[in-house]
Structure formats: C-alpha cells, structure tokens
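See structure below.
Just so it is clear, the model here is predicted, and its values are computed rather than measured. In what follows, chains carry the letters A, B, and so on, assigned in the order in which the sequence lines appear, proteins first and then strands, with residues in each chain numbered from 1.
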Amino acid sequence: MKRWFLAMASLEFTLLSLALVLAGGVAVAMGGVDATWGMSAPMLLCAINLSAALLVHERLRQQGGLFVFHCALLMFLLLVPVSRLTYMKGAATVVTGESFTGKLLEREQGAWHGDHLPEAGFRNDGFHIDYAPGIKRRETRNQVSWEEEGVRVEAVIGDNLPLVRHGYRFYTTANKGFAALFQWQKRGELLPARGAIRFQAPSQTDLTADWELPGSDLPVHLRLEFLEPVIDPEQGGSFPALRPFRLEALIHGQLHLLQPGLEVQLPEGSLLFEGLRPWMGYAVFYDWTRPWLLASILVGVGGLSWHYRRRVFGAPWRPWPEASAQERA
Amino acid sequence: MDAHREAYALWLALGGYFVAGVLAMTGVLFRRFPERGVAVFLWSGLVVHAVGLAWRWQRLGHGPFISQHEILSSNLWSLLLFFALVYARFRPVRPMAAVALPPMFIMMGWLLMVQPGDTLLPTSYDTLWLYAHVLLGKVFLGAAMTATVLGGVVLLRGWGVGARLFDRLPADASLDDLAYRFLVLALIFDTLMLVAGAIWAQDAWGRYWSWDPLEVWSLANWLLTAMALHARPLLGLSPRGGAWVSLAVFVVAYLNFFGVPFLAVAPHRGVV
C-alpha cells in the first residue's frame with residue numbers, strides 16, 4: 001500500500017487533524033475566520049484520515065463497537081460541512097395582526113441554501129409576555145396561524161417551543177415592542193403605502209425612530225412617550241399592555257401630535273396614523289441535517305460504549321497484578 | 001429562617017468534608033489510614049449538603065443552576081458524591097482521598113465568599129434538557145476528577161516523600177489503568193453532555209451551536225479528552241505521562257465549568 005495512504009491513515013495524522021479542528025474552533029471563536037471554512041476544512045481532513053484508517057487498519061473493522069463509533073464519527077464529520085453549506089439563520093419582526101411573508105431583517109446562510117422561506121409564512125395573532133417584579137421576563141405565549149391545504153391551523157408558541165414550517169423554525173425572542181402603523185397616500189399615486197415603524201425597549205418610556213416616507217426623501221422623526229411605565233418595575237405585569245401614550249412626528253420642521261385616526265396633510269401627500277400595535281421579534285433557523293447529526297452522535301456513543309463495555313467497564317480492575325502480588329507475598 | 005437553615009446545613013456539610021479531608025491527610029502522613037472515619041464524615045457531609053440543597057430548591061422553586069453560589073455548591077456536592085462512590089467501590093485506592101479532598105477546600109472557601117442570594121429561573125432554563133445537560137456534565141467532571149486524582153498519586157510518588165506516603169497503594173501501572181477507564185467514562189459523558197446542551201440551546205436560543213465562549217471551551221475540552229485517549233496508544237505514555245494528560249483534561253474542564261461561566265458576557269454564559 002502506498003506510503004502516503006498509510007500516512008493518511010496513521011494515528012499521527014489523527015492527532016494532527018484533531019489539533020487543526022481545535023485550532024479552527026479557536027480561530028472561529030475569536031472572530032477572525034468564517035465558521036464554514038474554518039471548521040469544515042479540518043473536519044474534512046479528519047474524515048479523510050478516518051476513512052483511510054478504516055480501510056487500512058483491519059483491527060478497527062474487527063472490533064464491532066469501535067467500528068460503529070468510527071463510522072458514525074465519519075458520518076458526523078461529513079454532515080457538518082453539509083450543514084454549514086445549507087443552513088439559514090435570520091431575524092424577523094411581525095406586527096400583531098400581520099403576516100410573515102419571507103422578509104428578514106437579518107440573514108446569514110450557507111452557499112447552497114435553497115430559499116423556501118416565503119412558503120413558511122404565518123400570521124402573528126397576538127402575544128403575551130409575563131414579567132415578574134424587577135422586569136424579569138417570564139413566560140411568552142404567542143398565538144400564530146397559517147394555512148395548510150386551505151385549512152386554517154392555529155398554534156401557541158413561546159419559550160422553548162418554536163413554530164416549525166417547511167423545515168424553518170421560528171422562535172419568539174425578547175426582542176419586541178410597539179409599532180406605529182401609518183398609511184401614506186402620496187399625491188398622484190392611486191394606492192396608499194402602509195408602513196409600521198417599530199419602537200423597541202418597552203421598559204423605557206421615551207422612544208424615537210426615524211423614517212422616510214415611501215416614494216419620497218421626506219424624513220419623519222417620531223417620538224413615542226408612554227405616560228405610564230409599560231411594565232411596572234415593582235409589580236411586574238404583562239406585555240403588551242397599551243398605556244396612555246403621546247406620539248409626535250416632526251415633518252418639515254413642524255411638530256404634529258398624532259392620535260389614532262388622525263390624518264396629517266402635507267404638500268407631498270397625506271399621512272394617516274392608524275394606531276399602535278405590538279410586534280414580536282422572531283429568530284429563524286433552518287438546518288435539515290440536525291436529526292442526522294444527532295443520530296450519528298448517539299450511534300457513535302452507543303458504539304463506543306459497546307466497545308468499552310468489556311475492556312473498561314466489564315473487565316475487573318486488578319490493583320495488584322499477579323507478578324507484583326507474588327512479590328508482596 | 002428558611003435561608004438561615006440552608007446556611008447552617010451548608011456549614012455543617014463543609015465541616016464534614018473538612019474533617020474527612022484532614023483525616024485522610026493525617027492518615028496518609030502517619031501511615032494509619034482511617035477508612036471508615038473518612039467515609040463517615042464524607043457521607044455525613046453529603047447527606048446534610050443534599051438536605052440544604054433540597055431546602056433551597058423547594059423554597060425557590062428551581063434547582064441550583066443559576067448563580068455562582070448555586071453552581072459551586074451543587075458541583076462541590078456532585079464531585080464529592082462521585083468521589084465517595086469511587087471510594088466505596090475501589091478500596092485499594094482509598095488513601096487517594098488525601099489528594100482528592102484538599103483541593104475541594106479551595107472550592108469550599110470560594111463558595112463561602114460568594115453571596116447566596118435568591119435567584120429566578122430564566123424561561124430558557126425551564127426544560128428537561130437542562131437537567132439532562134447538568135447531570136451528564138456532573139458525571140463527566142466527576143470521572144475526569146477521579147482520573148486526575150489517580151494521576152496525582154502517580155506524580156506525587158515520583159517526588160520524594162510521595163513515594164513513601166503512597167507506597168501501600170497499587171503500582172503506577174494499575175493506577176494508570178484505572179485512570180484510563182475513568183477518562184473513557186469522561187469522554188462518553190462529555191459527548192452526551194454536549195448533545196444535551198445543543199438540544200437545549202436549539203429551542204432555548206434558536207440555534208444548537210453559536211461559538212459562545214462556554215461552547216468553545218466545551219469543544220476544546222472534548223477534543224483534548226479525545227486526543228488524550230488517542231495519545232496513549234500512539235505515544236506509549238508511561239503512567240506519569242498519562243497522569244499529566246489527565247491533569248490537562250481536568251484543568252480545562254475545571255476552567256470550563258467554573259471559569260468561563262463567571263467571566264464571559266455572552267448570552268450562554270451559564271450563570272445568569
């Protein structure tokens with residue numbers, strides 16, 4: 001057998017590739033290297049080493065449990081790069097009463113991720129978050145709904161309980177707030193544009209946001225002030241609880257105090273403030289390899305335990321092997 | 001009153017552990033090891049400590065998973081429980097208690113300096129996978145510690161007075177063999193701990209791995225343990241070499257459990 005192939009199958013190469021995995025992990029963790037390539041490359045080296053070792057070393061194939069472990073490990077090492085190439089991670093916000101249509105605020109994905117996110121749409125039908133005194137977040141309950149084959153399906157999601165649609169997992173987060181809903185009817189346009197301007201951090205009472213009216217470069221500076229704390233820091237409570245508020249819009253240097261239903265006439269068009277509604281932030285995650293990764297690890301652990309059941313766990317430990325036992329006698 | 005009785009239980013337990021440790025050290029020093037005495041004080045401490053932990057669990061409505069005090073206290077208990085079981089099972093190596101227990105004094109001192117304030121369980125911790133992750137982690141750490149303690153005896157024997165103090169224990173090769181078995185156990189439970197942690201993280205934070213400091217150190221720990229087991233057949237390590245390897249694994253594990261969670265500022269810092 002060729003020397004280079006034997007070298008690839010050697011324990012020295014194993015140690016080297018494990019060390020490279022460790023180094024890759026540290027490099028990724030320190031932020032200097034992309035995780036996909038930083039981990040996939042050394043893991044593929046490990047996979048090459050392992051494949052060669054399984055072919056070369058008959059002893060590995062003969063020991064059932066160890067063989068199963070290493071095959072499972074090989075599957076894991078090949079799945080991780082595939083996972084990194086096909087995963088998707090993102091963040092979205094959905095106002096209560098509105099639907100998620102596939103638009104994300106943040107997105108990162110592998111090069112091979114095929115986007116089916118618009119098919120995973122759902123409607124945010126409202127949520128409640130309990131708060132203990134000291135503004136300690138407790139249970140989150142979010143009602144969501146969607147259509148499956150023409151039938152409306154409802155569910156309640158929340159902490160540790162995601163919505164799973166078409167492989168995409170939607171998790172509620174601590175990111176939430178109120179959105180000011182507007183209709184902007186630009187002069188000369190047939191249909192108005194609807195917009196939701198999100199304000200965060202409901203533990204604060206004074207919030208600001210900046211917006212440009214759609215189809216124009218007209219800036220709008222918004223200031224939202226709650227006249228009472230949204231959540232009582234001493235009593236706790238439930239979010240969202242709409243407290244009396246004051247919403248001001250600064251447009252063309254003029255301050256407008258907005259009330260729900262109020263329409264502001266501007267030279268460029270008319271701006272209608274519909275009202276405040278709560279919004280929820282969702283973490284979105286996709287990785288089809290998850291169950292296969294888990295299966296490979298569990299099979300591997302089972303194989304390893306089986307291999308060691310006699311050598312380590314079954315064989316009695318001899319504190320004084322015979323030779324030294326005779327000396328002691 | 002409830003918090004006071006928990007404190008009394010903790011002090012009593014620490015007292016029991018301390019006496020067990022002193023008995024072990026003096027027993028080895030004067031070559032008359034009081035096996036039963038060490039066991040009595042160790043197990044008494046464990047029982048009283050468990051009662052104290054149970055009282056706190058009942059009062060707060062959640063287990064000891066949150067604050068520095070809770071994590072130190074519960075891990076001190078689980079490490080000593082694991083060691084007590086090893087002590088009961090492997091009679092020839094009982095004098096190694098003189099090596100195992102004194103380092104626990106440092107943990108006990110640290111525990112006494114930390115405020116035992118009340119805590120609230122975050123919603124992301126309200127899952128069975130937390131319990132699985134913690135339990136598996138405790139077995140891993142106990143196994144790694146035992147391998148290290150056995151290696152510690154081997155190393156001490158190489159340094160003059162240690163050879164005399166531990167001459168009644170089995171030979172280095174036998175201790176090394178036993179340490180290897182515990183290192184294998186450590187790798188298996190470390191793997192399962194990482195899996196349970198990833199499953200927990202997936203639904204708690206929306207991803208099963210995110211390279212936060214605790215996860216990176218856990219991975220480093222696993223890789224080091226795997227390398228340690230591969231290094232033994234490859235390098236033909238002597239018992240002393242194996243002892244150093246076990247020590248390296250445990251040091252990283254200890255930093256992983258008691259360093260990173262209290263220093264990192266990432267969301268998965270382990271201590272809220």
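Interface remark: Val301(A) contributes side-chain atoms only to the contact with chain B (heavy atom separation under 4.5 Å). Contact annotation for Leu294(A): only side-chain heavy atoms (C-beta onward) come within less than 4.5 Å of a heavy atom of chain B. With a threshold of 4.5 angstrom between heavy atoms, Ala315(A) approaches chain B through its backbone and through its side chain. At a 4.5 Å heavy-atom cutoff, the contact between Phe90(B) and chain A is made by side-chain atoms alone. For chain B, the nearby part of Thr14(A) is the side chain; its heavy atoms alone come within less than 4.5 Å. Within the 4.5 angstrom heavy-atom criterion, atoms from both the backbone and the side chain of Arg137(A) approach chain B. Of the two parts of Ile199(B), only the side chain, counted from C-beta on, holds a non-hydrogen atom closer than 4.5 Å to a non-hydrogen atom of chain A. With a threshold of 4.5 angstrom between heavy atoms, Ile297(A) approaches chain B through side-chain atoms but not through N, CA, C or O.
For chain B, the option among Val28(A), Val26(A), Val21(A), Thr173(A) with the highest count of heavy-atom pairs below 4.5 Å is Val28(A). Of all the listed residues (Ser305(A), Gly300(A), Ala283(A)), the one sharing the greatest number of non-hydrogen pairs under 4.5 Å with chain B is Ser305(A). Of the listed residues (Leu11(A), Asp159(A), Asn160(A)), the greatest number of heavy-atom pairs within a distance under 4.5 Å of chain B belongs to Asn160(A). Ranked by heavy-atom pairs under 4.5 Å with chain A, the first of Arg181(B), Met227(B), His230(B) is Arg181(B). For the options Glu139(A), Arg169(A), Arg138(A), heavy-atom pairs under 4.5 Å to chain B are most numerous at Arg138(A).
Counting only residues at least two apart or in different chains, salt bridge (Lys or Arg N to Asp or Glu O under 4.0 Å) contacts with residues 223-238 of chain B comprise Asp176(B)-Arg232(B).
Between the side chain of Trp129(B) and the backbone N or O of Ala201(B) there is no donor-acceptor pair closer than 3.5 Å. Side-chain atoms of Arg141(A) never come within 3.5 Å of backbone atoms of Ile157(A) as a donor-acceptor pair (strictly under, hydrogens ignored).
Residue Tyr168(A) forms a ring-ring contact (aromatic ring centres under 6.0 Å, His included) with just one option from Tyr87(A), Phe285(A), Phe122(A), Tyr286(A), and that option is Tyr286(A). None of Asn142(A), Asn175(A), Thr93(A) except one satisfies the side chain to side chain contact (heavy atoms under 4.5 Å, CB included) rule with Met280(A); the exception is Asn142(A).
A donor and an acceptor atom, one from each side chain of Arg89(B) and Tyr87(B), are nowhere located under 3.5 Å apart. A donor-acceptor contact under 3.5 angstrom links the side chains of Asn256(B) and Ser218(B), judged on distance only.
Residues Phe13(A) and Leu45(A) have side chains in contact (heavy-atom distance under 4.5 Å, counting atoms from C-beta outward). Two residues are said to be in side-chain contact when any heavy atoms from C-beta on lie closer than 4.5 Å; Thr119(B) and His62(B) meet this criterion. Using a 4.5 Å heavy-atom cutoff, the side chains of Trp292(A) and Ser83(A) are not in contact.
Note: Phe257(B) CZ to Lys138(B) NZ = 8.0 Å, rounded to the nearest 0.5 Å.
The contact list for residues 184-193 of chain B toward chain A, using heavy atoms and a distance under 4.5 Å, reads Val184(B), Leu185(B), Leu187(B), Ile188(B), Thr191(B), Leu192(B) by residue number.
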### Message
Please determine whether side-chain contact (heavy atoms from CB on, under 4.5 Å) holds for the pair Phe170(A) and Phe100(A), giving the CA-CA distance in whole Å, both sets of side-chain angles, and the decisive distance to 0.1 Å.
### Response
CA-CA 11 Å; Phe170(A) 296 87; Phe100(A) 172 74; 3.5 Å; yes
